[in-house]
Structures are given as C-alpha cells and as structure tokens.
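Okay, structure first, notes after.
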Amino acid sequence: MTIARGKKSGTLYKTEGACHLIAVAMNENPNLWHRRLGHMSEKGMRIMHSKGKLPSLQSLEFDMCEDCILGKQKRVSFQRSGRIPKKERLELVHSDVWGPTTVSSIGGKRYFVTFIDDHSRKVWTYFLKNKSEVFEAFKIWKAMVENETGLKIKKLRSDNGGEYEDTRFKKFCYEHEIRMERTVPGTPQHNGVAERMNRTLTERARSLRLQSGLPKQFWVEAVNTATYLINRGPSVPLEHKIPEEVWSGKEIKLSHLKIFGCVAYVHISDQGRNKLDPKSKKCTFIGYGEDEFGYRLWDNENQKMIRSRDVIFNEKVMYKDRNNTCNNNSEQSRPVYVEMDDVPEIPVIETPQSEDSCENNDNEELDAPELSIPAPVLRRSSRPHVPNRKYLNYILLTDEGEPENYEEACQMTDASKWELAMKDEMKSLMSNRTWELVELPVGKNALHNKWVYRVKEDHDGSKRYKARLVVKGFQQKEGVDYTEIFAPVVKLNTIRSVLSIVASEGLYLEQLDVKTAFLHGDLDEEIYMHQPEGFLEERNKNMVCRLKKSLYGLKQAPRQWYKKFESFMHKESFQKCNADHCCFFKRYKSSYIILLLYVDDMLVAGLDMDEIRSLKQQLSKEFDMKDLGPAKRILGMQITRDKQKCILQLSQAEYINRVLQRFNMRDAKAVSTPLASHFRLSKEQSPQTEKEKESMAEIPYASAVGSLMYAMVCTRPDIGHAVGVVSRFMSNPGKVHWEAVKWILRYLRGTIEKCLYFSKGELKVQGYVDADFGGEVDHRRSTTGYIFTVGTTAVSWMSQVQKIVALSTTEAEYVAVTEASKELIWLQGLLTELGFIQEMSVLHSDSQSAIHLAKNSAFHSRTKHIDVRYHFIRSLLEDGVLTLRKILGSKNPADMLTKVVTIDKLKLCSTSVGLLQ
C-alpha cells in the first residue's frame with residue numbers, strides 16, 4: 001500500500017500536497033560520521049548536528065572509539081583564559097614547524113609547517129623535506145592568500161626557530177611590511193594557537209591512520225586530511241563557527257566526505273582499458289584535494305597516487321581489511337555510490353624542495369602503537385616495475401604528442417605503433433648482442449633505464465615512430481663505470497663549407513642514418529643494467545643485463561661509437577681531416593668522396609654516384625644503416641637543391657615557424673631590423689626587487705634566447721649581433737631585455753624565408769672583419785664581428801664581446817683582425833685538406849690604422865700595452881699566409897655583426913654573403 005509520494009532531498013523524502021509527512025531514508029550510525037569527520041569530538045559533532053550539517057543522524061550516542069584513545073589521550077589540561085580572534089583576515093598569522101618524524105613520507109617529507117589565520121582560524125599545511133624550506137613555503141602561501149582575499153598580511157607570529165631567523169626571511173618580511181613577532185625563549189605558550197593546532201593535527205592524523213591500518217609512510221596524507229576536516233569543523237574560539245565558512249563566506253557541504261583509508265573503486269576510462277578488461281580498479285581513499293577538488297587515492301598494486309572524481313566507496317572495509325573482503329551484497333560490504341554533482345575535481349599542488357640537511361627537533365612523533373592487525377610495509381622493488389597496461393587514470397602528453405614513459409606509450413591511441421617501435425629497437429639490440437643476462441655480482445650496482453619516444457617527420461611529410469632504450473647514465477661513477485667520455489661532432493662551419501663545394505663542383509649529396517648508432521661501440525668497463533620495461537624475461541626475471549656494447553645514455557657511449565666508426569673509415573682508406581675529426585676524405589683516380597659525421601647522421605658528397613653506392617654497401621655491412629637518399633634535411637635545416645643550375649639553399653623556415661608558435665609570436669607585426677636603435681641594454685635594466693624578479697621568472701627568457709641562438713649559428717648571421725646582446729642578461733633579465741628578444745622574433749617573423757644561397761663560384765676563402773668601439777654599455781668593451789665566405793656564400797661568422805677593454809678604435813679593430821685571422825687559418829687548412837689549395841686568402845678590414853699597425857712590426861709607444869698574442873697577425877702577414885686589405889665601411893658585411901645598422905645597410909650586408917630571401 002502506498003502511503004505517500006515524495007521527492008528525495010539528500011536522505012529525506014518530502015511528500016507532495018497538503019500532507020507534511022517526512023520520511024527518513026535511513027538512520028545512519030553516528031560512529032560512521034565520527035570516522036568520516038576524522039574522529040571529531042562528541043562536542044564538535046553535536047555542534048555540527050545543531051547547525052543542520054548532519055541531518056541523517058537521529059541520535060549522537062556513539063560507542064567509545066579506541067582509535068581516539070590511542071591517538072589523542074593526553075594529560076589533564078591547566079586552566080587558561082580565552083582570547084578574542086582578530087577582526088580582519090590576515091591581520092595576524094600564527095606559524096609553527098613540526099618535525100622531524102622518524103619515518104619519511106612517500107615523497108621524502110619529514111616536516112610540516114602550519115599557517116593559521118587568527119580571524120577565521122583556518123589552517124594551511126605545507127610538507128617539507130628540511131626546515132630550510134619554510135621560507136619558500138611562506139612565499140607560496142602568502143602569494144596565494146593575498147591574491148584570494150585582496151588583503152595584505154600584517155603580522156606573523158612564530159617561535160624562535162632558526163627557520164624564522166633566516167636573513168632572507170627577515171628581509172622579505174621587511175620589504176613587504178610584515179611585522180614578525182617571536183615568542184620569548186622558553187615560553188611556547190605565547191605561540192599557543194600554532195602549538196595547539198600542531199597537536200590537534202597530529203592527534204587526528206594518528207587516529208585516522210590507525211583506523212585505516214595504513215603504514216606510517218602515509219602520515220602526510222593523514223595530516224593533510226586532518227587539516228581539510230579541521231577547517232570544516234566548529235572552532236571554539238570562533239564560538240563554534242566553521243573556519244572555512246568564516247574565511248570564504250560560503251556555506252560548506254559535507255556530503256562528499258568519506259572515511260579515510262576505506263576501499264575505493266576508481267573508474268577506468270575507455271581509453272585506458274581494453275573491451276574485456278575490468279572497468280574499475282581497487283584503491284584506497286587517502287584524502288581530498290584543496291578547496292574540495294576531488295579525491296586522492298592510493299593504487300597499492302602500482303605504488304602510485306591517483307586523482308579521480310569517478311569513484312565508488314566501500315566505507316565498511318579499510319585498507320587493513322582489503323584482502324579479507326567477501327564480494328557479497330551483505331550490509332558489511334555494501335559500497336556507497338557517489339552522486340556525480342557532489343564529486344569535486346583535484347588540482348596539482350606542489351610543495352617546495354630543498355637539499356639542505358635536516359635538523360633535530362623534540363616535537364611529538366606520529367609513531368603511536370599499532371593496532372592488533374599489523375600494517376603492511378611498503379616495499380620498493382629493486383627492479384623496474386612493469387605497469388598494468390589495462391589501467392591508466394590520466395595521460396600526460398608533451399607538446400609534440402609524444403609519451404613521457406612506457407606506461408603512457410601503452411595507453412595512447414597509437415600504442416600499437418609505439419609497440420612496434422620498441423620491438424624494432426629490441427630487435428636491433430638483440431641482433432647486435434648488446435648484452436647478456438647474468439646474476440648481479442656482489443658489490444656491483446645495476447643501472448636503471450627508460451624508454452624515450454620521438455615522432456620524426458621525414459622530408460616527404462610522413463611520420464616515423466622511434467623508440468630508444470636509454471640508460472640512466474647519471475648513476476655512473478667516474479673511474480668505476482667510465483673514464484674518457486669526449487667524442488667530437490662535425491662543426492657547422494665544416495657542413496656549410498662542404499655544401500659550398502657541393503654547389504660549386506656539382507657533386508652528388510646523399511644522406512645516411514645509422515640505426516642505433518651507439519649500440520656499435522665496444523665497452524671496456526664492466527657495466528650492468530636492469531632489464532627493460534615491458535621486455536622482462538619471466539624465467540630470468542631476477543637477472544640483470546651485462547652490457548657488452550654501449551647504449552644511449554651511457555657517458556662513454558658517444559666516444560665508443562666514434563672510435564668504432566673512425567676505425568672502420570681508416571680500414572676503408574679514408575683520411576681524417578686534422579681541421580675537423582668528423583670530416584673524412586678519400587680521393588680516387590678521377591673523383592673523391594667527402595663524408596661528414598654528426599653522431600648518427602651522415603652527409604656523403606662525391607663526384608661519382610657508383611663510388612658513393614659502394615661506400616653505402618660497405619657501411620651497411622658493418623653497421624645497421626638507413627639510406628635516406630638525396631640530402632633533404634640535416635640538424636633541423638632544410639636542404640633544397642637544383643643540381644642543373646648548381647644552386648643549393650640552406651633554410652630554417654620550419655624551425656623558425658615552430659619557435660614563433662612556441663612563444664606566441666606567429667601573428668606578431670614584423671619589423672625590418674634585428675634590433676632597433678632605441679634598445680640600449682644594460683644590467684641596470686635588470687630586476688632589482690624580489691617582486692620584479694618573480695614577475696620575470698614566469699617569462700621563458702633563456703629558452704627564447706637559446707632558440708634564437710640556434711637559428712643564428714646555423715643559417716642566420718644577420719641576427720648575430722642582436723642575439724649576442726640579449727644573451728648577456730640570461731642570469732637576470734628585465735622587461736626591456738625581453739622586449740628586445742621579442743623584437744628579434746618579430747624580425748624573424750618577417751624574414752622566415754631567408755636562407756643561405758650557395759651557387760657556383762671560386763672556392764676561395766674571403767674574410768670580412770669589423771669592430772665597434774666600447775659598444776657594450778656596462779663594461780665599455782668592444783665587439784668583434786667577422787664573416788667568411790667560400791665561393792659566394794657565408795660559411796663562418798661570429799659576433800662576440802672582446803675580452804679586453806680597448807683604449808682606442810685602432811686597438812679594437814686590431815684585436816678583431818687578429819681573432820678573425822685565426823678562423824681564416826682554420827678554413828684554409830680545412831679546404832686544403834679537401835684538395836682545394838688556398839693561395840693568399842684575403843681578409844678585409846675597414847680600419848686603415850689597424851692595417852698599418854699589423855703590417856708595421858716596429859715598436860709603438862701607444863701599443864705597448866697590447867697583449868703579445870694579439871700581434872699574431874703580424875707573423876701571418878710576414879709569412880704570406882694571408883693578405884690584409886682595406887674595404888669601405890659602407891660595403892663591409894661584417895658591420896651587421898657589431899652594431900645596429902639601417903635597413904639598407906642590413907640588406908647590403910646580407911646579400912653580399914649569400915643570405916637571400
């Protein structure tokens with residue numbers, strides 16, 4: 001028989017019409033809410049009930065709680081007088097540090113610091129590794145609460161701990177007009193609010209952990225949950241008002257609260273599982289997010305933290321009972337389903353890190369006696385863990401959509417492609433006999449490894465999925481795991497010089513790639529490594545890999561690979577150039593081959609294609625090679641070739657586009673010069689206050705300058721001076737410096753298509769050098785700029801502040817000529833070794849006085865202070881190595897490398913060295 005029909009509101013059914021019957025959906029046990037509220041006192045629960053926060057309870061009579069006795073029992077307190085809270089938020093803040101604990105948390109924390117607002121009595125807790133991190137925690141908290149309230153902290157009360165006596169802390173408070181109050185030594189009662197809060201937090205955290213049976217390593221999660229619940233419970237100094245409501249002015253809800261340490265089932269998204277896999281994972285509830293954002297859960301199987309809102313709780317079963325649970329529909333194990341509207345989201349909250357040593361403290365520990373059921377101890381496996389492929393709560397992707405680790409690769413939509421890439425890598429490792437499985441000898445350590453994933457785009461637009469097994473070489477010890485580690489790579493100047501030869505002589509230009517190049521190097525040391533993730537041999541799972549060949553990540557891997565390759569080239573009768581040890585040359589009867597090596601990328605240039613094919617075959621027999629055909633791209637630079645017209649272009653248009661996109665300058669208004677004349681940059685424009693430094697810390701200055709520098713050293717000599725200027729302020733950049741960087745980006749925005757244009761011409765070195773006088777504002781040093789061409793195009797350039805302070809324009813120019821002559825000699829040597837004899841190369845300077853000083857070796861009283869090494873140019877002129885000629889300043893292309901030039905002069909400088917658009 002139906003008595004009435006009603007609408008459900010919470011746990012009540014309100015009937016319709018005139019009937020005012022209210023039927024209680026269920027009468028919940030007060031013991032259940034006592035545990036949900038983190039072992040709140042009976043008095044506190046009565047206050048919450050009187051406020052209507054616990055409508056489902058009819059009675060507040062609950063049994064004695066043994067967890068409360070074990071966690072909270074204390075001596076009878078002395079009588080104390082009450083005090084009135086401050087009238088305004090942040091008028092007074094109490095703070096104290098607790099610790100160290102004998103058991104570090106999962107994240108290595110041993111302390112926590114609390115900040116308590118006297119007006120609202122809301123408490124914030126930050127967990128630390130060392131006491132020295134208190135200052136950083138305070139700065140983070142201060143910025144957050146002041147931004148939230150629009151108010152300023154007026155007074156900070158603490159004890160006399162060394163962490164509050166820190167000079168930086170005092171200076172920071174002085175600059176921000178925060179009065180620091182410290183207690184009189186030996187009277188902790190003066191900081192009673194913070195002292196009592198620490199005791200309350202540790203007591204409730206201890207009770208929470210004991211009820212759940214979680215190991216002691218979870219004390220941080222227990223304290224965090226206690227903080228969350230204390231802020232949502234009545235406060236005696238506030239006449240039983242709730243701190244969170246006083247602080248925010250908003251009514252709180254408790255419908256989302258669950259018992260700490262209970263079993264929780266987390267939903268697995270469709271992307272994180274296969275069709276026949278379970279749709280949820282069994283975890284343990286260990287807390288809430290800040291500001292009621294979601295649930296925090298512990299995945300004991302994979303030993304990691306999970307954040308989720310799609311959770312079903314079983315509050316009858318704790319962590320300690322999880323393995324004894326019967327899967328039935330009895331009252332003892334009935335799960336609680338969470339309404340989706342009540343489930344909050346979780347943000348990522350980071351705590352400050354430090355490397356300082358820990359200090360001792362006599363504070364009370366969280367190490368209370370355990371219950372009769374022993375808590376299982378977390379065990380960290382000595383070998384890499386292979387995660388469960390069928391579950392992943394969330395996926396983090398890099399900007400390029402590449403997975404960060406093995407677990408993410410297995411859960412992505414293109415997981416099959418990454419799996420094939422890993423199998424291909426393992427096939428190469430096995431075929432190369434990179435290691436053998438052995439027992440780890442006593443006294444030896446095994447290195448860890450990881451998978452690194454990259455999506456590479458070929459010149460035709462197709463994508464290649466590459467997976468590399470990389471050893472964590474930072475674990476190696478010098479003298480034990482490695483000795484020598486240096487290995488050369490081909491210089492960019494060499495690459496451009498060879499490209500000039502290719503264009504001028506009409507050579508074939510082919511490109512090769514060595515698959516797993518570092519795997520070919522033989523190891524001299526005895527090195528062991530754990531088995532790779534996802535490829536653990538079940539029958540030999542306790543064994544490790546004894547490395548016989550080098551692997552990526554090993555400190556000596558580049559050197560061992562280079563030694564192996566050099567030995568092969570010597571066997572094939574190739575000569576190694578003395579000017580560049582990664583340039584190999586072989587002359588045949590009527591032709592020659594030049595090979596350039598940059599780690600695992602090769603450029604092969606030659607007159608006879610048959611001889612190039614023969615070399616490719618020999619390389620393929622010795623190494624696992626991939627023939628990429630005619631060269632299209634090298635080190636991020638695009639190579640465009642018209643062999644019939646003897647034209648070759650070297651461009652970075654794609655790279656520059658990515659840089660502009662990265663720094664949100666893709667749609668910026670273009671400018672005509674790399675640096676405007678109104679930029680007069682100096683260190684005086686750097687931030688002077690902490691606020692200015694914090695503002696600039698959010699700007700990716702160093703990253704932007706580094707990106708510009710790579711474009712400059714590869715194909716863009718026109719921005720050489722501008723990049724040199726802005727790079728002087730990397731340690732402490734200011735807003736004006738950042739504006740200059742953006743100006744350079746705007747210039748690149750309008751000149752994306754500029755490229756080095758190689759064409760047929762005489763393969764002779766031509767040099768141009770220039771210097772400004774005292775152009776650097778801070779130390780009044782001069783700038784040296786030089787640029788060299790081979791054929792018709794620039795192959796080497798530099799813009800650099802001189803190491804000395806020149807006393808005259810002549811001295812600055814003279815020093816610049818000497819520095820440029822050293823580069824000229826190197827280029828002469830390289831081309832001569834490649835068979836292109838250089839006779840009397842020319843170096844052009846627009847300083848007649850510097851030329852006279854170089855040619856006249858007589859003693860000058862005005863030049864006696866010039867260092868002997870700068871007179872090196874005189875011996876070169878006497879020996880006939882080069883000739884020094886005068887060039888008009890208006891026609892000197894090196895001008896753009898030493899100073900800001902006009903639009904017309906910049907165009908003249910660029911076109912004269914083959915930099916065209």
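Keep in mind it's a predicted model, so treat the numbers as computed, not measured. Because only heavy atoms are used, hydrogens play no part in the values below, and waters and symmetry mates are left out as well, while side chains stay in.
Residue C262 holds its SG atom at 9.0 Å from CD of Q211, rounded to the nearest 0.5 Å. Atoms CH2 and CG, from W418 and L420 in turn, are 11.5 Å apart once rounded to the nearest 0.5 Å. Expressed to the nearest 0.5 Å, how far CZ of R464 lies from NZ of K456 amounts to 6.0 Å. Residue N314 holds its CG atom at 8.5 Å from NZ of K282, rounded to the nearest 0.5 Å. From K320, atom NZ reaches atom CG of L210 across 8.0 Å, with rounding to the nearest 0.5 Å. We find the OH-CG distance between Y453 and D414 to be 11.5 Å, quoted to the nearest 0.5 Å.
Under the 6.0 Å cut-off for aromatic ring centres, Y265 and F313 do not qualify, their centroids lying 6.0 Å or more apart.
Partners of R546 under the salt bridge (charged side-chain N to carboxylate O under 4.0 Å, His left out) rule, at least two apart in sequence or in another chain, do not exist in this structure. By the ring-ring contact (aromatic ring centres under 6.0 Å, His included) test, W247 is found to be paired with W124, residues two or more places apart in sequence or in another chain being considered. Residues satisfying the side chain to side chain donor-acceptor pair (under 3.5 Å) criterion with T225, sequence neighbours excluded, are absent altogether. With sequence neighbours left out, the salt bridge (charged side-chain N to carboxylate O under 4.0 Å, His left out) criterion links E694 to no other residue. Every residue was checked against the salt bridge (charged side-chain N to carboxylate O under 4.0 Å, His left out) condition with K555, not counting sequence neighbours, and none meets it. Judged as a side chain to side chain donor-acceptor pair (under 3.5 Å), and not counting sequence neighbours, the contacts of T125 are T227. Residues meeting the side chain to side chain donor-acceptor pair (under 3.5 Å) test with T200, sequence neighbours left out: none. Under the side-chain contact (heavy atoms from CB on, under 4.5 Å) criterion, A557 pairs with F518, S550, L554, not counting sequence neighbours. Under the side chain to side chain donor-acceptor pair (under 3.5 Å) criterion, N405 pairs with no residue at all, not counting sequence neighbours. Every residue two or more places apart in sequence or in another chain was checked for a salt bridge (charged side-chain N to carboxylate O under 4.0 Å, His left out) with K472, and none qualifies. Among residues two or more places apart in sequence or in another chain, the side-chain contact (heavy atoms from CB on, under 4.5 Å) test is passed with S212 by L214, F260. With sequence neighbours excluded, the residues that form a side-chain contact (heavy atoms from CB on, under 4.5 Å) with S104 are R110.
Each of Y111, W219, Y126, F127 was checked for a ring-ring contact (aromatic ring centres under 6.0 Å, His included) with W98, and the lone residue meeting it is W219.
Counting heavy atoms from C-beta outward, Y528 and V438 have side chains that approach closer than 4.5 Å. Counting heavy atoms from C-beta outward, I116 and S95 have side chains that stay 4.5 Å or more apart. Side-chain contact check for M318 versus V263: every heavy-atom pair is 4.5 Å or farther apart. Annotation: side chain of W451 is in contact with side chain of P532 (closest heavy-atom distance under 4.5 Å). Residues H39 and D67 form a side-chain contact, since some pair of their non-hydrogen atoms from C-beta on lies under 4.5 Å apart. Looking only at side-chain heavy atoms (C-beta outward), R539 and L437 stay at 4.5 Å or farther from each other. When side chains are defined from C-beta on, S105 does not count as touching F112, because their heavy atoms never get closer than 4.5 Å. Put simply, the side chain of K281 reaches to within 4.5 Å of the side chain of D299, judged on heavy atoms.
Classification of K304 and E407 as a salt-bridged pair holds, one side-chain N sitting under 4.0 Å from a carboxylate O. Between K250 and E244 no salt bridge is recorded (no basic side-chain N to carboxylate O distance below 4.0 Å). Between E136 and K139 there is a salt bridge, since a side-chain N of the basic residue sits under 4.0 Å from a carboxylate O of the acidic one. The pair K541-E537 fails the salt-bridge criterion, with no side-chain N (NZ, NE, NH1 or NH2) lying under 4.0 Å from an Asp/Glu carboxylate O.
Note on ring orientation: taking the six-membered ring where Trp is involved, the planes of Y288 and F285 are perpendicular (angle over 60°, cut-offs 30° and 60°). Classification of the F138-F115 ring pair by plane angle, with boundaries at 30° and 60°, yields tilted.
Of all non-hydrogen atoms in G71 and R206, the two that sit nearest each other are O-NH1, 2.8 Å. When all heavy atoms of V134 and L128 are compared, the closest pair comes out as CG2-CD1, 3.7 Å. Heavy atoms only, all atoms of each residue included: L257 and Y228 are closest at CD2-CE2, 4.0 Å. The shortest heavy-atom contact between L447 and Q475 is CA-OE1, 3.4 Å. Residues M529 and L551 come closest through the heavy atom pair SD-CD1, 3.6 Å. Scanning both residues, G261 and T284, for their nearest heavy atoms gives O-CG2, 3.6 Å.
In this structure, E436 places its CD atom where more than 12 heavy-atom neighbours from other residues, nucleotides or ligands lie under 6.0 Å away. More than 12 heavy atoms of other residues, nucleotides or ligands lie within 6.0 Å of NZ in K466, so this atom counts as buried by the packing criterion.
Using a distance-only test at 3.5 Å, with no hydrogens or angles considered, a donor-acceptor pair links the side chain of R204 to the main chain of L37. Between the side chain of N231 and the main chain of V123, a donor-acceptor pair closer than 3.5 Å is present. No side-chain donor-acceptor contact under 3.5 Å links E425 to the backbone of A421. No donor-acceptor distance shorter than 3.5 angstrom exists from the side chain of H530 to the backbone of V544, with no hydrogens or angles considered. Not a single donor-acceptor pair under 3.5 Å links the side chain of E163 to the backbone N or O of F135. Checking side-chain atoms of E533 against main-chain N and O of K450 turns up no donor-acceptor pair under 3.5 Å. Formation of a donor-acceptor pair under 3.5 Å by the E315 side chain with backbone atoms of L32 is not found in this model. A donor-acceptor pair is defined here as one N or O able to donate and one able to accept, closer than 3.5 Å; such a pair exists between the side chain of Q531 and the backbone of N540. Checking side-chain atoms of T434 against main-chain N and O of L429 turns up a donor-acceptor pair under 3.5 Å.
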- List the steps, then state whether side chain to side chain contact (heavy atoms under 4.5 Å, CB included) holds for E526 with K444. CA-CA 9 Å; E526 185 178 346; K444 291 287 186 179; 4.1 Å; yes
- Message: As a quick check of understanding, evaluate side chain to side chain donor-acceptor pair (under 3.5 Å) for N300 and W298, giving each step before the final call.
- Response: CA-CA 6 Å; N300 193 61; W298 175 250; 3.3 Å; yes
- Evaluate the side chain to side chain contact (heavy atoms under 4.5 Å, CB included) criterion for residues W435 and K548: first the C-alpha distance (whole Å), next the side-chain angles of each, then the deciding distance (0.1 Å), finally the verdict. CA-CA 5 Å; W435 64 67; K548 300 167 67 177; 5.7 Å; no
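Donor-acceptor pairing under 3.5 Å is recorded for the side chains of R662 and S703.
A cation-pi arrangement is absent between K463 and Y465 under the rule of less than 6.0 angstrom and at most 45 degrees off the ring axis.
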